[in-house]
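Input: a single structure, listed below in structure tokens.
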Amino acid sequence: MSHITLTSRGKVVVATMAAVAAMGVTACQGSEPKPEGKAPVSAASQDGQDAQGRQDGDATGSAGGEEIGSKAGSAGSGRCESSSMGLRVGRADIGAGNIRYSLVFTNKGKSACTLNGFPGASLLARDGQTIGKPAEREGAKGKPVTVPAGGSAHAVLHTINDGLSDKPCWKSASLVQAYPPGSKEAMTARVSSGLRVCGDEFTVTAVEPGAGA
């Protein structure tokens, strides 16, 4: 029994000495950088770098966007809004069985703006009733057109002469309703000589620079 007791005490003494030694090592490590501490610090740093990388990417994108926005702002190339535009329909250009009208958008704002793509266009009777169907797109989308203050851009409405198709002509329109590219606000313009679509042929091109014909 005494031998077992001494052994137990001996084990306790050994365990205590081991604990003291461990505390001593810990104290030493507290005063010096811990090599094994580098792994979690490095992982956190790596995460930080990833986050910073994403932020740098966002910052770069934002900086690029601000630069572009700044250039656009200086050039006044924001999208043209219906509220700052005027609309008119040019005279009929007749040739080779085709009839074309310039649909002219005029910038009445104080700075330049941009039109890009196809406008929406439809015909209205004098009482505002819709005639036929909206114009279909014709040709390529083209490039953005910057319209200076007081300047104009235009699209071309196209139909054909009566008798070139078995399909009947629509009722003559007194008004053209148009939506500038990208806008949801309609504009209207009178057609002085009336506009009649024949052969169900009614198309509109993308916007081009200038007032057209």
Side-chain angles (χ1 to χ4, degrees), residues 72 75-213:
S77 57
R79 181 170 61 82
C80 297
E81 302 289 347
S82 298
S83 58
S84 62
M85 300 291 288
L87 178 70
R88 68 179 178 85
V89 179
R91 292 176 295 180
D93 178 13
I94 304 173
N98 296 288
I99 307 176
R100 293 180 172 86
Y101 299 83
S102 292
L103 187 64
V104 184
F105 297 93
T106 300
N107 182 3
K108 294 186 175 182
K110 296 181 179 180
S111 59
C113 61
T114 299
L115 292 172
N116 183 17
F118 297 86
S122 56
L123 304 180
L124 304 177
R126 188 180 300 275
D127 60 3
Q129 294 295 315
T130 301
I131 298 174
K133 59 185 179 181
E136 297 181 355
R137 296 178 176 183
E138 176 183 348
K141 179 180 179 180
K143 298 180 180 180
V145 177
T146 299
V147 188
S152 298
H154 75 282
V156 177
L157 299 175
H158 171 248
T159 187
I160 60 175
N161 283 338
D162 187 10
L164 294 181
S165 172
D166 294 334
K167 297 178 181 179
C169 296
W170 301 354
K171 178 182 176 181
S172 292
S174 298
L175 303 167
V176 172
Q177 177 176 270
Y179 295 83
S183 177
K184 295 182 179 180
E185 297 181 6
M187 307 173 66
T188 57
R190 292 190 177 279
V191 184
S192 58
S193 59
L195 194 165
R196 186 174 67 160
V197 168
C198 293
D200 281 348
E201 184 75 22
F202 184 41
T203 62
V204 62
T205 65
V207 175
E208 305 173 35

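Judged by distance alone, the side chain of His154 and the main-chain N or O of Gly210 form a donor-acceptor pair under 3.5 Å. Between the side chain of Arg196 and the backbone N or O of Cys169 there is no donor-acceptor pair closer than 3.5 Å. A donor-acceptor contact shorter than 3.5 Å links the side chain of Asn107 to the backbone of Val147. Under a 3.5 Å cut-off, the side chain of Thr159 and the backbone N or O of Cys198 do form a donor-acceptor pair.
Here the CZ-OG distance, from Arg79 to Ser84, works out to 10.0 Å after rounding to the nearest 0.5 Å. Atoms CD1 and CG, on Ile99 and Leu195 in that order, are 8.0 Å from each other to the nearest 0.5 Å.
A pairwise comparison of heavy atoms in Leu123 and Ala173 identifies CB-CB, 3.6 Å as the closest pair. Between Leu115 and Ala153 the shortest heavy-atom distance is CD1-CB, 4.1 Å. The minimum heavy-atom distance between Ser152 and Val104, with the atom names listed, is CB-CG1, 3.8 Å. Between Lys143 and Asn116, the shortest heavy-atom contact is C-OD1, 4.0 Å.
A 6.0 Å sphere centred on CD of Glu81 holds more than 12 heavy atoms belonging to other residues, nucleotides or ligands.
Side-chain contact annotation: Glu138 with Thr203, donor-acceptor N/O pair under 3.5 Å present.
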